[in-house]
Colleague: 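I'd like to ask you about the structure that follows.
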2 protein chains.
Amino acid sequence: MPGMEPETDLVERWRSLLTCYNKVACDLERTLQEAHGLTLSEYETLDRLTTQERDKRRMQDLAETMYLSQSALSRTVSRLAKGGLVERTHCEIDRRGVFVAITEAGRQRWTEARKTHLAVLAEHLTPATA
Amino acid sequence: MPGMEPETDLVERWRSLLTCYNKVACDLERTLQEAHGLTLSEYETLDRLTTQERDKRRMQDLAETMYLSQSALSRTVSRLAKGGLVERTHCEIDRRGVFVAITEAGRQRWTEARKTHLAVLAEHLTPATA
DNA sequence: AAACATTAGATGCGCACGCATCTAATGTTC
DNA sequence: GAACATTAGATGCGTGCGCATCTAATGTTT
């Protein structure tokens, strides 16, 4: 009898996703803040900016690869800019657009934070973690 | 050469977890709110109260099976109580403790919301979703 | 039993979030 | 080219969160 109780499976999968995610995210958030003064979103933003080869990214492109709402990303970039980890430059061709570029300080901060990030991840999801 | 690049794998797993979780959670949050006036946390709390057989649960026991901080759970239960979906009763033996019991209205609301919940889950994580 | 430590849960606080809206620039239509 | 629609990103607003702290009840020590 196929499809007997797929609901239970579904809910169970979701619950483990929920639990697992929150454990990791919470720990990451706390640890990154303590050790490097970065929010998880801030770290992830820097990460996108270093990983993707281009040195400049439009907000929009950045948004596509992220999980944040448009407004949340906007504010995250604002915070990073205020801290000097990122620079905003107007797009010449389309002056509505905004380019975001990581600064040297940003790259440095990211390099340090990366170790912490990896350590926390390793601690939580090394084996098969649902 | 074992352990060559476990870092990349680790980060990739995390990223997909992050993305997947946020998609589902965000949709769930929005849909549950619209259709039933429930927060995700509120729904999950009701879910714990109906699924676990006991009719009464101490805050502490409830907290163990959940992903929320103590304060967040406390406020979630407050909201549910204000809406009449849950009842708090003092524990006689240890008067610091608080029992939480789902009400008939709560059970009803949960029953309706469950359909929505399952539908959203099905929509997002039917196949192999990382 | 008086003083101290611990524990259960509530609450003040600051913060990041999503939604809706606003502003300014670009595209489109007549 | 003037009026309207659309688009990129910023901002007002309300909300739920975690952390730290507070309150009240229980345990423990002497």
Side-chain angles (χ1 to χ4, degrees), chain A residues 18-19 21-35 37-46 56-64 66-83 86-101, chain B residues 18-19 21-35 37-46 56-64 66-83 86-101:
Chain A
L18 188 59
T19 306
Y21 169 82
N22 275 288
K23 270 207 202 88
V24 183
C26 207
D27 194 358
L28 267 180
E29 195 86 52
R30 197 170 347 102
T31 313
L32 284 174
Q33 191 58 252
E34 253 173 42
L38 288 174
T39 300
L40 177 55
S41 297
E42 286 163 16
Y43 176 81
E44 291 286 341
T45 304
L46 290 181
K56 290 180 176 185
R57 303 273 297 162
R58 290 194 54 162
M59 291 289 289
Q60 234 178 344
D61 304 340
L62 204 52
E64 259 173 38
M66 300 239 332
Y67 54 93
L68 286 175
S69 73
Q70 182 266 319
S71 71
L73 177 60
S74 176
R75 286 183 219 265
T76 302
V77 169
S78 285
R79 271 174 272 138
L80 287 170
K82 190 184 284 186
V86 134
E87 263 178 7
R88 279 159 154 159
T89 59
H90 274 282
C91 173
E92 292 300 325
I93 347 169
D94 184 345
R95 283 173 33 188
R96 291 170 301 179
V98 167
F99 276 122
V100 185
Chain B
L18 190 57
T19 306
Y21 169 82
N22 275 287
K23 271 207 203 86
V24 183
C26 208
D27 193 357
L28 266 180
E29 196 86 52
R30 197 169 349 99
T31 312
L32 284 174
Q33 190 58 251
E34 253 173 42
L38 287 175
T39 300
L40 176 56
S41 296
E42 285 164 15
Y43 176 81
E44 290 286 341
T45 303
L46 289 182
K56 290 180 177 183
R57 302 273 298 162
R58 290 195 55 162
M59 292 290 288
Q60 234 179 345
D61 303 341
L62 205 52
E64 259 173 40
M66 301 237 332
Y67 54 94
L68 287 176
S69 73
Q70 183 266 319
S71 71
L73 177 60
S74 176
R75 286 184 219 265
T76 302
V77 169
S78 285
R79 271 174 273 137
L80 287 171
K82 190 185 283 186
V86 134
E87 265 179 6
R88 278 158 154 161
T89 58
H90 274 282
C91 174
E92 293 300 325
I93 346 170
D94 183 345
R95 283 172 34 187
R96 292 170 301 179
V98 167
F99 276 121
V100 184

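Order of the sequence lines sets the chain letters (A, B, ...), proteins ahead of strands, with each chain counted from 1.
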Colleague: Verify, without hydrogens or angle tests, whether A:D27 (side chain) and A:K23 (backbone) share a donor-acceptor contact under 3.5 angstrom.
Modeller: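 Absent.
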Colleague: What integer distance in Å separates B:L38:CG from D:dG16:C1'?
Modeller: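 In whole Å, D:dG16 C1' lies 14 Å from B:L38 CG.
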Colleague: Between D:dT15 atom C1' and B:R79 atom CZ, what is the distance in whole Å?
Modeller: 8 Å
Colleague: When every nucleotide of nucleotides 2-10 of chain C is labelled 5' to 3' by its protein contacts under 4.0 Å (heavy atoms), B for base, S for sugar-phosphate only, - for none, what sequence of letters results?
Modeller: -----BSBB
Colleague: Over all strands shown, is A:I93 touching base, sugar-phosphate only, or nothing at heavy-atom distances under 4.0 angstrom?
Modeller: sugar-phosphate
Colleague: Distance alone, cut at 3.5 Å: any donor-acceptor contact between the side chains of A:R75 and A:S78?
Modeller: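 A:S78 and A:R75 do not have a side-chain donor-acceptor pair below 3.5 Å.
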Colleague: When the C1' atoms of the five terminal pairs at each end define the local axes, what inter-axis angle does the helix from C:dA1-D:dT30 to C:dC30-D:dG1 show, to 10 degrees?
Modeller: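 That helix gives 10° between its end axes.
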Colleague: Mind calculating the distance between CG (A:L40) and C1' (D:dC17) to the nearest angstrom?
Modeller: 14 Å
Colleague: Main chain of B:A101, side chain of B:E87: is a donor-acceptor contact present, judged purely on distance under 3.5 Å?
Modeller: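 Pair absent, no side-chain N/O of B:E87 close to backbone of B:A101.
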Colleague: Any side-chain N or O of B:S69 under 4.0 Å from OP1/OP2 of D:dC19?
Modeller: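 Indeed not, no polar side-chain atom of B:S69 lies that close.
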Colleague: Check whether A:S74 reaches the backbone of A:Q70 with its side chain - one donor and one acceptor, N or O, closer than 3.5 Å.
Modeller: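 It does not hold such a pair.
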Colleague: Between CG of B:L38 and CZ of B:R79, what distance do you get to the nearest 0.5 Å?
Modeller: 10.5 Å
Colleague: Can you give me the closest heavy-atom contact between A:A72 and A:L68, atom names plus distance?
Modeller: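 Scanning both residues, the minimum pair turns out to be CB-CD2, 4.0 Å.
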Colleague: Assign each of A:L68 and B:A72 to its nearest nucleotide of DNA chain C by heavy atoms, then name whichever residue's nucleotide is nearer the 5' end.
Modeller: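 It is B:A72, whose closest nucleotide lies nearer the 5' terminus.
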Colleague: Within residues 21-32 of chain B, which residues have any heavy atom lying less than 4.0 Å from an atom of DNA chain D?
Modeller: none
Colleague: Could you state the interatomic distance from NE2 (A:H90) to CZ (A:F99), rounded to the nearest 0.5 Å?
Modeller: 12.0 Å
Colleague: At their closest point, which heavy atom of A:G37 faces which heavy atom of A:E42, and how far apart are they?
Modeller: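 Of all heavy-atom pairs spanning A:G37 and A:E42, the closest is O-OE1, 3.9 Å.
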Colleague: Give, for atom CD of B:E64 and atom CG of B:L73, the distance between the pair rounded to the nearest 0.5 Å.
Modeller: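 Spacing of CD (B:E64) from CG (B:L73) equals 11.5 Å.
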Colleague: What is the distance, rounded to the nearest whole Å, between atom CD of B:E44 and atom C1' of D:dG16?
Modeller: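 Answer to the nearest Å: 15 Å.
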Colleague: Count the heavy atoms of every other residue, nucleotide or ligand shown that sit under 6.0 Å from CZ of B:R95, and state whether that count exceeds 12.
Modeller: no
Colleague: For A:V77 and A:M59, work out which heavy atoms get closest and say how close.
Modeller: CG2-SD, 3.9 Å
